[in-house]
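Taking it in order: structure first as structure tokens, then the write-up.
Hydrogens, waters and symmetry mates play no part in the numbers below; they use all other heavy atoms, side chains included. Chain letters run A, B, ... following the sequence lines, proteins first, then strands; residues in each count from 1.
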Amino acid sequence: MTKSPSTKPADTATADRNPFRYSAQLAGEIESRWQTRWERDRTFAAHNPGDPGFDATQPKLYCLDMFPYPSGEGLHVGHPLGYIATDIYCRFRRMRGFNVLHPMGFDAFGLPAEQFAVEHGVHPRLTTERNIATMVRQLKALGLSYDWDRRVATIEPDYYKWTQWIFLQLYHSWFDPRVGKARPIDELSRGLESGELVVDDHHRATPAVEGGRVWADLNENDRVAVLANHRLAYLAEVPVNWCPALGTVLANEEVTNEGRSDRGNHPVYKRPLKQWMLRITAYAERLADDLDHVQWPEPVKLMQRNWIGRSEGAMIDFPIKATDEPIRVFTTRPDTVFGATYMVLAPEHPLVDRITTDQQRRVVTDYRRQTQRRSEVERMAEAGGGEKTGVFTGGHAVNPATGREIPIWIADYVLMGYGTGAIMAVPAHDLRDWVFAWRFDLPVPTVVEPPAGYEPTSEEAALAAPDKRCPFSGWGTSVNSANDEVSLDGLPSDEAKRIITEWLESTGRGCREVQYKLRDWLFSRQRYWGEPFPMLHAPDGRTVAVDESELPVVLPEMEDFTPEASDDPEAPPRPPLARAPESWRIVQRDGVRYERELNTMPQWAGSCWYYLRFIDPRNDEQLVGHDAERYWMAGGGVDFYVGGVEHAVLHLLYARFWHKVLYDLGHVSTPEPFGRLFNQGYIQGYAYRDARGVVVPAAEVVDENGSPAAEVQDRAGAKFFWQGDPVTQEYGKIGKSLKNVVSPDEICEEYGCDTLRLYEMYMGPLDASKPWAPRDIIGPFRFLQRAWRLAVDERTGELTMRDEPDADVERQLHRTIAKVTDDIERLAYNTAIAALIELVNAATSAGGLTRDQLQRFVLLLAPFAPHVAEELWAKLGHQQSLACEPWPSYDPALVTHDQVELPVQLQGKVRARVTVDADADPALIEAAVLADEKVKAALAGRSVRKVVVVPGKIVNIVVGRG
RNA sequence: GCCGGAGUGGCGGAAUUGGCAGACGCGCCGGAUUCAAAAUCCGGUGCCCGCAAGGGCGUGUGGGUUCGAGUCCCACCUCCGGCACCA
């Protein structure tokens, strides 16, 4: 790592010779001394119920950071932003008498270590463990008050044993719609055996109805298929995102909008593959509904709701001539069914073959082939009002409302993955159908009249037809919508929707339906560096689970873990574990030769439940002990969870899903894992790209004069170069991907970590993104110097204290205690620190503090700059750490002033000030104001029409004209 | 396109409930100290006019509500984030 050039003040701060002065050197000594003591004394160890030292009378706080991936770059200054924030909160709560659980660990499986291993031939375990060691050292150097005894890493067999165990629970469970909960799969078999449940044509269990098949009639294969169809973890041949360059499949969440891999930006293709899936869709409703009960940022809740994508509407069956089977469609606007003049199937829809007439067969086949070839990128590029393509199948269906025959088309604007992969097209009231209908000359009857005075939206107006007609996709009043049995004419859309749905249901033509955008979670990866699945495959194709007693299934040692990359989108994946030793791969059992599952779990697996393991990290009997879990998760889960907003829909959704399954099965006591969530902002910085658009290391970029880019102050018009070539500047989140990482190590070395802690918290509001401005770090450093000098005589190193308190300083101390206490609770650390600075400045001017005042100040400072606070606390004669010292209190009477100066406004402009008693009543204030010389002068004889007095705030005089 | 979030001095930001806009810090200017420099300390610092007293303007833009608007309402502009043919 290249060290950035030191700024001038830091050089001299380091070189300070006075041993009693708060220099970087002294800060370093103090910090390592206290870090060593905290570790030796286990100052921050949390005690579980039943442990010696556990105090049941204290309230608890479970405060959690999103654990980091141990990257080769180590920590950058963006990581500690959240960590310092939670640390301050935890230290504060300990002083307020809370039993605090504050753990840290590592999310250590994942692609970067594997890719590094492939490139450099080092086992990912070695690089990962080395990276963990570096990050632990860096975290400890920041003085974060973690209970390090509880450290976990997802790659440890003791840990992933339980990740595998949870997978087995998913495999052995199904979602019982009758109770809306996960239940053991045995209950399903029992329900089927007893006849309470029967099996339908799609191998699905339903409550006993006519025509269902009973369990006794099924052969072994069918029974296995029925159970597989309900398990929360199941194998399925599904169209997946296959990335040949990475040699693996990716989750939807890992594919960019451009249809490329999130990591590495390689092309991704859709292809069918047999993969492990998790039935997260079963929980769509609960995942959406339970967001109402968590204290999370609204934007994150909204992102999850959008991701889950609930829509209410109806399923409608359109009979077709060619087969007995109707085409089923989902629509959110059943009230527009009278306007459905054609149907569209996704090109991949299974009914296409049976509907297509001989005459149309060639064009249909051509179109389907063409669609298949076109990448997601191309399909996306045409999205949103762009050109629509499609062909007529030659087949017809009957509109169940009008009874008229309508043509069936195929088009790639209908997606197989949502709804039923088929739509009824209502061109007058759907923008996509409108574009398609005009292109292919299909009828466009109006069945909804917009409200009076309706102006088309810009989007609707942009699609105006040659005759100036516009589509209307809003809610209005139904027209031309009646048959012999039902009429919607004159009804508002919402009512029409209800009436038509009732009619559809009563006539067996359709039913009410809720659809979700959320898809089941693709859970297999063709990688080495992940958790092996505890699953075995028999030669006859059957899949069996490894017994719980045989966990963990340990990842085998291998030399070559290269994924088989290829340029051929059709090449079948061969995961690295296919090359594992046969002793691992093959399991003999009861004379059957099983092969282990060769895929591994995705990186999200380990992070789905780590917050539970922290509660009881060394338990080898259970995932987490029941009493400890009940104690720490009480009150709705983790009390305070802090991390970046980038996990809004991935980690946070997956973890909620697993938690709900564990809750249903009785392993945890709360329906949600994280009661309160907070997203810290990003630290941003400049980054640079070369002519090809490739990011270059920011630390090596220079300006025209050859000075490092980081030191350039005036950036308007500045030109930058990397290795002699011009580069362009941009501004973004600091991190590995923009190669503009700044390490906290250098800041700690130049100023001490107490300064870094203060600086990062002082930069601005915790949830805002803000620029890394190394120039500003000197400010908090100077503050600590002044604070130190306030307490310590720099000539002798002895404490300096006055005997009698200054009355004004005492009042300000009370106000500061009040403000800092309140600000910490609100996470407004920047203003809390500003108040501490003001206090130090005022106390310095007033000639110092008494011993008692100094003690209270040190306690206030402790959560923010714990090392220097501990040092001063020890100098004040205390033997014990201040970590659990009671937080100082304040006297409300001393927080307010006896007299207040009120600004006096004339027509909204401040013209004078009057000083009155704080509790003076408005009439008295008004008299005092009107008697004031300056007010009289400013009035200049004009008449006073009204005087607004806001006691304690302001006086505003409204004058008459002239 | 849709859905969120945000725009305040040279810079980071403060103003918690409609009540003195710019707390606090950086930077800059001046002074003390010093052989000199750094560090440190003291004072000043929104912009414009003025020697000053004082005056005018000022929270992205334009309107509105109010005794009073950074804060509330309407319209728009810019930037950041999420989603994107989801029927």
Side-chain angles (χ1 to χ4, degrees), chain A residues 8-9 11-13 15-16 18 21 23 257 297-300 302-303 305-307 309 311 313 329-333 336 344 379-380 382-386 388 411-415 417-420 422-426 430-433 435-436 457-459 462 515-517 645-646 648-649 682 684 713-714 731-733 758-759 762-765 767-773 775-780 782-783 785-786 789 794 822-823 826 828 830-831 833-838 841 844-845 901-910 913 945-948 950 952-959:
Chain A
K8 280 183 189 166
D11 272 349
T12 52
D16 203 306
N18 183 341
R21 155 163 233 197
S23 61
N257 292 341
E298 283 305 320
V300 173
L302 199 65
M303 276 158 77
R305 286 201 182 95
N306 290 342
W307 191 263
S311 357
V329 301
F330 172 71
T331 175
T332 53
R333 292 296 299 274
T336 63
V344 188
R379 282 176 75 164
M380 297 278 198
E382 288 160 17
K388 297 263 183 289
D412 65 4
Y413 81 90
V414 174
L415 309 173
Y418 183 78
T420 61
I423 61 157
M424 64 174 203
V426 185
D430 180 280
L431 306 188
R432 295 151 301 183
D433 299 345
V435 172
F436 193 84
T457 64
S458 58
E459 208 182 345
Q515 279 284 320
Y516 298 93
K517 282 191 229 173
V645 72
E646 69 271 20
V649 286
Y682 297 127
Q684 301 189 289
Q713 304 231 341
D714 183 15
Y731 182 70
K733 178 186 168 188
L758 280 171
Y759 169 63
Y762 189 59
M763 290 171 85
D767 55 358
S769 290
K770 46 233 152 187
W772 181 250
R775 193 176 71 176
D776 293 349
I777 299 172
I778 191 73
R782 285 181 189 148
F783 160 64
Q785 283 190 319
R786 287 200 300 275
R789 200 179 309 118
E794 292 188 337
D822 185 45
D823 281 354
R826 295 188 304 119
N830 53 333
T831 50
I833 294 168
L836 290 170
I837 294 173
E838 284 182 88
N841 292 347
T844 303
S845 309
E901 189 189 59
L902 294 183
V904 180
Q905 293 186 331
L906 238 85
Q907 302 292 73
K909 290 206 193 314
V910 179
R913 288 164 193 288
R945 200 165 71 187
K946 186 177 170 189
V947 180
V948 180
V950 186
K953 295 280 189 190
I954 204 166
V955 178
N956 197 355
I957 302 173
V958 190
V959 297

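Contact annotation for Ile423(A): base contact, defined as any heavy-atom pair under 4.0 Å involving a base atom. Lys517(A) comes within 4.0 angstrom of a base, heavy atoms only.
Ring geometry for Tyr418(A) versus Phe330(A): interplanar angle over 60°, hence perpendicular rather than tilted (30 to 60°).
Taking 3.5 Å as the limit, the base of C20(B) and the side chain of Lys953(A) contain no donor-acceptor pair of atoms between them. Side-chain N/O atoms of Arg913(A) and base N/O atoms of C20(B) include a donor-acceptor pair closer than 3.5 Å.
A sub-4.0 Å separation between OP1 or OP2 of C41(B) and a side-chain N or O of Arg789(A) is present. Distances shown here put every side-chain N or O of Arg305(A) at or beyond 4.0 Å from the OP1 or OP2 atom of G82(B). For the pair Asn841(A) and G25(B), the criterion of a side-chain N or O lying under 4.0 Å from OP1 or OP2 is met. Distances shorter than 4.0 Å separate some side-chain N or O of Gln785(A) from OP1 or OP2 on U40(B). The side chain of Arg21(A) contributes no N or O atom lying less than 4.0 Å from OP1 or OP2 of A39(B). The phosphate of G25(B) (OP1 or OP2) has no side-chain N or O of Tyr762(A) nearer than 4.0 angstrom. For A14(B), the OP1/OP2 oxygens have a side-chain nitrogen or oxygen of Asn830(A) closer than 4.0 Å. Using a 4.0 Å cut-off, no side-chain N or O of Arg775(A) falls inside it from OP1 or OP2 of G25(B).
The side chain of Tyr418(A) has A87(B) as its nearest neighbour among G19(B), U16(B), A87(B).
Looking at Asp433(A), its side chain does come within 3.5 Å of a backbone N or O of Val426(A) through a donor-acceptor pair.
Partners of Tyr759(A) by ring-ring contact (aromatic ring centres under 6.0 Å, His included), not counting sequence neighbours, listed by chain and number: Trp772(A).
When rounded to the nearest whole Å, the span between CG of Asp823(A) and P of U16(B) equals 11 Å. A87(B) atom C1' lies 8 Å from atom CZ of Phe330(A), rounded to whole Å.
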